[in-house]
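Scope of the values below: all heavy atoms of this structure, side chains included, with no hydrogens, waters or symmetry mates. Residue numbers start from 1 in every chain, and the chains themselves are labelled A, B, ... in the order their sequence lines are given, proteins ahead of strands.
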Amino acid sequence: MKPLTHQVTELIRQAIHDAQSAGELPSVELPTIDIKPPKKADQGDYGASVALALSKPMGKPPIEIANIIAKHITKPDFISTVEVAPPGFVNIRLNENWIRELVNTLITSGNTFANLDIGTGKRAQVEFLSANPTGPITIGRSRGAILGDAIARVLEATGYEVEREYYFNNAGAQMRNLGESLRLRYLEALGQTMEIPDMEKFYQGEYLIDYAKDLIAEKGDSLKNEDWQPFKEYAEKRMFQWIQETCARIGIKHDIFFNENSLYDSGAVWKTLEELQKRGYVYTSVIREGETDEKVIAKSADFKPAQWFKSTAFGDDEDRVLVKSNGEPTYTLPDIAYHINKLERGFDLAVNILGADHFTQAQVVRRGVEAMGYDPKPIHVVHVQMVSVVRDGKPFKGSTRRGLFDTLDELIDLTSADAIRYFLLQRSPDSHLKFDINVAVSQSNENPVYYIQYAHVRCSGILREAEVRGVGIDGADLSLLGAEELNFLRKCLELPDVMQIASENLSPHTIAFYALELANAFHPMYDRVRAFADGIDPNLQKARLAFYTATKAMFKRVLDLLGMTAPERM
RNA sequence: GGGCAUGUAGCUCAGUGGAUUAGAGCAUUUGGCUACGGACCAAAGGGUCGGGAGUUCGAAUCUCUCCAUGCUCACCA
């Protein structure tokens, strides 16, 4: 289906064309036609200001243009009236019986209501949560994780075939440090005194102590003369499990775990380097070309030559290192290879969720992709700003007992998956986010999560009561539904528009915001529109029960889109 | 210093490509209600949309400039 605003926009566009063909309006190029609900409810459901914008190019008063447009609008069944209001708005009112039909739509197919066809026939990939698996998921990273999953849900609902992917950075120096850290813990557990060579590189998380014990239980001391590698593999395996468990707790499941290692195994990393060399974008030097900073020059005096990517050819401020002087690649090279791999898999849309701190890096990768001769257009990077967690008005640092800081697991324990999902999705990714634990756990009206879910609970309560009383909804006469119900149904009709914005802008926070608005439209009505009032007409009761069945499906739908549960009771 | 963001009610924040009188939740004040589960409802107060200038019939929105804040500018990932 298409959002209603689009259909209305098309009607107006057509009306202007028809008026132009009939010679009633001058032939000028049409501006963007913008449709919005009027401020006052009695002005109709949609208002168009296009006549104001056309006034100047057409050389006519806006009110006159508006009248001509209104005259040429052919009303489809969902529109009841077209009115003109000063200074030149064309206001459109929906057919109320058509709105009432939404009840049946929601009852029969509420779980697909507002599905759009923007992405039909297209494949999308959403990559999120990617990082070195050197520790548990932190709160900071969980914002991107939940955003990525929510974007995937929106893309699915708007027609895309979606894959959720985790780029598992299991190569590189950090993973070697992790392996080395576990090796030291292992030796320590075997009774050897542990010497920590470099605190900067040593992972202090106590989970490594547990892993060391487990490893001894499995293999005894047979690994005591091994280097870091088997330890890295073991730690990686455990970390992989842990991350998946945490994801499952919060409703996230990746379809594909793409191992960074595989890019080395397949030779893709070095092939990428060769291709860049062939294309003339790589040079070998101790220092970047054109470096003028004397401090940098002095510092690099002892360096051996590295291989540099001439990213300045693609608009970068400075060139970037691809291969370090010790022969190891930086993250840049495998990342470029990875994105080439993505593009070769033929996605129409490849969304990548990254922290705002990765902005520069994402640009370098994009330039690398361009240097390789690929069109980076399918790649969309969404940067999420930082999240700061507050408890009792103070910054929250989590438990230090196990050497962990700010883990998502701990936050789930303290609050709930639903609360975390909602609070992290509520805000635009561009805005810095303050997560107040006290609000998230509070079972009071300051918590919007409960306010939204409570709407679903209330519908469930009514339907339970209907079952007890043996009242069904078959053959309900929807024309009995009054202004209050219609008002709520109108709000429901906005979801397709919200979905379109969320999908095209990759901004699921609009849905979170809409969910609150929907609950806000529901609760006041619920008080007045009673299904079991004394002496209620049985037909009206039946119509209202059908309405609440639809309402329940609507809340379920919105909560599903956000990845939240829709409880029957609270 | 450069880049990317952010600045809207006491607080947390929406506000797509300009449009009729700038929105929500919480908090505050006042009033309802013993319920189809009140985790509710009604009403009110609260804003020179960071400052200034410009474009326009019209600017929170576009342009310029200044101020403030965050992130970032590695042979770390």
query = Which parts of residues 458-466 of chain A get close to RNA chain B, meaning a heavy atom less than 4.0 angstrom away?
reply = R458(A), G461(A), I462(A), R464(A), E465(A)

ask   = Can Y331(A) and N169(A) be counted as having a side-chain donor-acceptor contact under 3.5 angstrom?
value = no

Just call it for [X]: base, sugar-phosphate, or nothing, with non-hydrogen atoms closer than 4.0 Å on any strand.
{"X": "T134(A)", "value": "nothing"}
{"X": "N169(A)", "value": "sugar-phosphate"}
{"X": "R528(A)", "value": "sugar-phosphate"}
{"X": "A306(A)", "value": "base"}
{"X": "V529(A)", "value": "base"}
{"X": "Y331(A)", "value": "base"}
{"X": "E318(A)", "value": "sugar-phosphate"}
{"X": "D335(A)", "value": "nothing"}

query = Is M554(A) close to C459(A) at the side-chain level, that is, under 4.5 Å between some pair of heavy atoms?
reply = no

request  = Indicate yes or no: at least one non-hydrogen side-chain atom of L516(A) is less than 4.5 angstrom from one of Y422(A).
outcome  = yes

Report all interatomic pairs (protein N or O, nucleotide N or O of nucleotides 4-8 of chain B) with separations under 3.5 Å.
| from | atom 1 | to | atom 2 | distance (Å) |
| --- | --- | --- | --- | --- |
| A5(B) | O2' | Q385(A) | NE2 | 3.4 |
| A5(B) | O2' | D430(A) | O | 3.1 |

query = What residues form a side chain to side chain donor-acceptor pair (under 3.5 Å) with R421(A), not counting sequence neighbours?
reply = D149(A)

ask   = Taking the C1' atom of each, how far is G7(B) from G32(B), in whole Å?
value = 39 Å

ask   = Expressed in whole Å, how much space separates the P atoms belonging to G47(B) and U65(B)?
value = 32 Å

key: Test ring-ring contact (aromatic ring centres under 6.0 Å, His included) applied to F309(A) - qualifying residues, sequence neighbours left out   = none

query = OP1, OP2 of G15(B) versus side-chain N and O of H509(A): anything below 4.0 Å?
reply = yes

key: Contact nearer the 5' end of RNA chain B, comparing N520(A) with S428(A)   = S428(A)

ask   = Expressed in angstrom and rounded to an integer, what is the separation of L516(A) atom CG from C13(B) atom P?
value = 15 Å

query = Starting at OH of Y526(A) and ending at C1' of A42(B), how long is that distance when rounded to a whole Å?
reply = 17 Å

key: Dot-bracket encoding of pairs in RNA chain B, which uses [ ] for pseudoknotted crossings and | for another strand, Watson-Crick or G-U under 3.5 angstrom   = (((((((..((((.........)))).(((((.......))))).....(((((.......))))))))))))....

key: Nearest-neighbour nucleotide for the R427(A) side chain, A14(B), A39(B), A77(B) considered   = A14(B)

Atom pairs, N/O to N/O, protein against nucleotides 55-60 of chain B, distance under 3.5 Å?
| from | atom 1 | to | atom 2 | distance (Å) |
| --- | --- | --- | --- | --- |
| C57(B) | OP1 | K56(A) | NZ | 2.9 |

